[in-house]
2 protein chains.
Amino acid sequence: MATLTDVARRAGVSPAAVSRHLNGRITLPPQTRARIDAAVAELNYKPNLLAKRLSTGRTEAIGLVTPEIDNPFFGELAAIIEEAAADAGYAVYITSTRGDLSREITALGRLRERHVDGLILMTNRPDDGALAKALSGLSNVVIVDEDVPGAAQPRIFVENSAGTRLATEHLISLGHRRIAMVGGPPGLMSVTERQAGWEAALAAAGLPPGPRLLGTYTRAHGRAAAEQLLAEGLPDAIVACADDIALGLLEALREAGVSVPGDIALTGFDDMRYAALIDPPLTTVRQPAAQMGRLALAHLLTLLSGGEVAPVTRLPVTLIPRSSTAPSKVPTP
Amino acid sequence: MATLTDVARRAGVSPAAVSRHLNGRITLPPQTRARIDAAVAELNYKPNLLAKRLSTGRTEAIGLVTPEIDNPFFGELAAIIEEAAADAGYAVYITSTRGDLSREITALGRLRERHVDGLILMTNRPDDGALAKALSGLSNVVIVDEDVPGAAQPRIFVENSAGTRLATEHLISLGHRRIAMVGGPPGLMSVTERQAGWEAALAAAGLPPGPRLLGTYTRAHGRAAAEQLLAEGLPDAIVACADDIALGLLEALREAGVSVPGDIALTGFDDMRYAALIDPPLTTVRQPAAQMGRLALAHLLTLLSGGEVAPVTRLPVTLIPRSSTAPSKVPTP
DNA sequence: CAGATTTGGTAAAGCGGTTTACTAGGAGAT
DNA sequence: ATCTCCTAGTAAACCGCTTTACCAAATCTG
């Protein structure tokens, strides 16, 4: 590989001149410029990024910390962010933490060690303060989708409570009265808020809350919840706090011979790809993944250039009615 | 941030001693070692990776080039690779090329510029030689899932033709006679091989090939193919070369009032997550994504440590029968 | 006890850029 | 003719770590 010095020698100037010319920090007379450009072309010179980075302290890379890159929702977010980052000249390090604190911390370490310029952080774990502590003092971080209580970094969420409120209102308008909620990990902000939306809609309609089953954001939890509800007596409808949970509910209910939406209505949350393709197509609350991804990157770029950014941004969600919800068979009084 | 020199000063030794001790390239007497370790701890010293990299020329990072990170199949592969790479001490740069040659080339450039130590490359585009040319001379690259004709790097594929042969034999054993194939981009190795498997199974059973519709590995192509088949007269069964294609077929057929598997049987390829959850659950050929990912990384690590690796590895596929295939209603003669 | 070997380090030259501080030479102003 | 300013660069320090080559003192060997 040709180095800057090789180019300089060939062009008959100093390395400094070449460096400054290439970075647009000096205006040289046309002939000199032409000689340098020619030398660059002839030697097929490519700057060594490592050297550049060491020198400037900037890496032109960002990190993306996701709980699970193979979850379509995070995959979509990652794809958008990667594309937008590439357009802005940044490479992306992706970490799939699988909900493991130590891998989250490792990723933060990369920022501390100036291995990346900034970080977009997503977690799906209730934090006991360890992650917040690891975040303290770090700038150039944007928290997305799920809160890390106690952290000072800017964050981007969706209107969680509005989402479940919409879903619950939709179910109520279809004539359902006894509406259960199956949620994710207790203590997680998104779960708390989604629960609040469900409760608010019920309260507004003068209905008592149905059963509430928290657990994890997994298909397995959906299955377990279905079994519990089957044992205790099925409600009219279920509001699931994630599409994955809804999928588990659906499987277990179908196996038990319960028809969705014939016997029970079901709503999800996320609108992951495939939510429309399952049987029955899932009524769900759409999170604007693409918009979140783009905004997260935009925020991060603003931070990187020394700008300021709103401490909390909330993006709207929309209810996508499909076939997993149908009018109640019990006539509305 | 404390530097090596700070540590050295505090421990009363030279920077060289600290560096060599920390990298295990010198054995020091216990007291000296203790002084250095103490200084490291007190200053909370973290080596600057950038500097280390510039010095050693190694980056301890690999690149992962995928066509679409938001496709669950590639997502699963990426998750496995990322996890295994992290265990081996490598960070992972992920690029989602969206089938764009220039982004593939950019990723290769990162290797050329010694920005990463090695690369795992997946593509889903028939190459006109441009990618092969960009690959020439690069070592530490493993090609996965799809071929790049003319490239010299080791590669890992699945038994494509065996996969469609299994699927086609399965359909034949269910009594289907007129079996169509809906494939991906013409010229792509996986497509050619999958077509060969379909033809071989039909030939072995003494059956003529049904319609063959090539296109892209997308749901849209599946829809278009379904429309064409509907217009030309439906076959008994369809072998789709990808689950995404099968999904498109399924949608369009359902909209046309054709029942799967009642009126027509359908098989996919990949066994992506959700293939089991759609309506009807999809009979498909399972590609061992996890195994491919792990093997790709193992190969790359072998290359990185100067080892040799098989030029071509083929992994077996398995047929996963589900409900999208059922016995033909036409009695077998 | 001289010479050889081991122990326990060090000095300094990279790695390949960037950047600050500086200067030789010519043009313009007085 | 002198002073100032601008143009077109250059020299050298620096980023933080690694590594080669080397050396002084201590220990062993014959």
Side-chain angles (χ1 to χ4, degrees), chain A residues 1-40 43-61 89 91 109-117, chain B residues 1-40 43-61 89 91 109-117:
Chain A
M1 290 293 300
T3 74
L4 188 80
T5 312
D6 298 336
V7 172
R9 194 159 30 225
R10 178 148 193 150
V13 293
S14 71
V18 178
S19 171
R20 298 175 66 189
H21 167 57
L22 258 28
N23 290 296
R25 270 186 250 299
I26 194 177
T27 327
L28 294 174
Q31 317 91 296
T32 314
R33 194 184 318 166
R35 282 210 317 281
I36 295 179
D37 292 344
V40 166
L43 297 173
N44 187 26
Y45 167 72
K46 305 271 185 216
N48 178 319
L49 286 186
L50 259 29
K52 186 172 193 157
R53 287 168 175 197
L54 177 57
S55 227
T56 60
R58 308 193 62 246
T59 67
E60 270 144 35
R110 271 203 244 295
L111 180 55
R112 276 236 152 68
E113 294 168 21
R114 316 235 29 160
H115 196 145
V116 294
D117 291 340
Chain B
M1 290 291 299
T3 72
L4 188 79
T5 312
D6 298 335
V7 173
R9 194 160 29 224
R10 178 148 195 148
V13 294
S14 71
V18 178
S19 171
R20 298 174 67 187
H21 166 61
L22 257 29
N23 290 297
R25 271 186 248 301
I26 196 177
T27 328
L28 293 174
Q31 317 93 294
T32 313
R33 194 183 319 166
R35 281 210 318 281
I36 294 179
D37 292 343
V40 165
L43 297 172
N44 187 28
Y45 168 72
K46 305 273 184 217
N48 178 320
L49 286 186
L50 259 29
K52 185 172 192 157
R53 287 170 174 195
L54 177 57
S55 215
T56 60
R58 307 193 64 249
T59 68
E60 270 144 35
R110 271 202 245 293
L111 179 55
R112 276 236 152 71
E113 295 168 20
R114 317 233 29 159
H115 197 144
V116 295
D117 291 342

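Residue numbering restarts at 1 for every chain, and letters A, B, ... go by the order of the sequence lines.
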- Task: Just call it for B/Leu54: base, sugar-phosphate, or nothing, with non-hydrogen atoms closer than 4.0 Å on any strand.
- Result: base
- Considering all heavy atoms of both residues, which atom of B/His21 and which atom of B/Ile26 are nearest to each other, and what is their separation? N-CG2, 3.5 Å
- Under 4.0 Å between any heavy atoms, over every strand shown, what does B/Ser19 touch: base, sugar-phosphate, or nothing? Just pick one. base
- Item | Terminal axis angle for the helix from C/dC1-D/dG30 to C/dT30-D/dA1, five pairs an end, nearest 10 degrees | 50°
- Query: Which pairs with one or both residues in residues 52-61 of chain B pass side-chain hydrogen bond (donor to acceptor under 3.5 Å, both in side chains), sequence neighbours excluded?
  - Reply: A/His115-B/Arg53, B/Arg58-B/Tyr90, B/Thr59-B/Asp117
- Task: Could you tell me whether the side chain of A/Thr5 has a donor or acceptor atom within less than 3.5 Å of a complementary atom in the base of C/dG17?
- Result: no
- Task: Quick one: label A/Leu50 by what it contacts on the DNA or RNA (base, sugar-phosphate, nothing), any heavy atom closer than 4.0 Å.
- Result: nothing
- Message: What I'd like to find out is whether the side chain of A/Leu22 reaches to under 4.5 Å of the side chain of A/Tyr45, using heavy atoms alone.
- Response: yes
Detail all sub-3.5 Å separations between protein N/O atoms and N/O atoms belonging to nucleotides 20-27 of chain C.
none

- Item | Leading and trailing nucleotides of DNA chain D with any atom under 4.0 Å from heavy atoms of chain B | D/dG16 to D/dA21
- Summary of salt bridge (charged side-chain N to carboxylate O under 4.0 Å, His left out) pairs that have at least one residue in residues 24-38 of chain A, sequence neighbours excluded: none
Table please: side-chain donor-acceptor pairs of residues 5-13 of chain A below 3.5 Å, with sequence neighbours left out.
from: A/Asp6; atom 1: OD1; to: A/Arg9; atom 2: NH2; distance (Å): 3.0
from: A/Asp6; atom 1: OD2; to: A/Thr3; atom 2: N; distance (Å): 2.9
from: A/Arg10; atom 1: NE; to: A/Glu42; atom 2: OE1; distance (Å): 2.6
from: A/Arg10; atom 1: NH2; to: A/Glu42; atom 2: OE1; distance (Å): 2.7

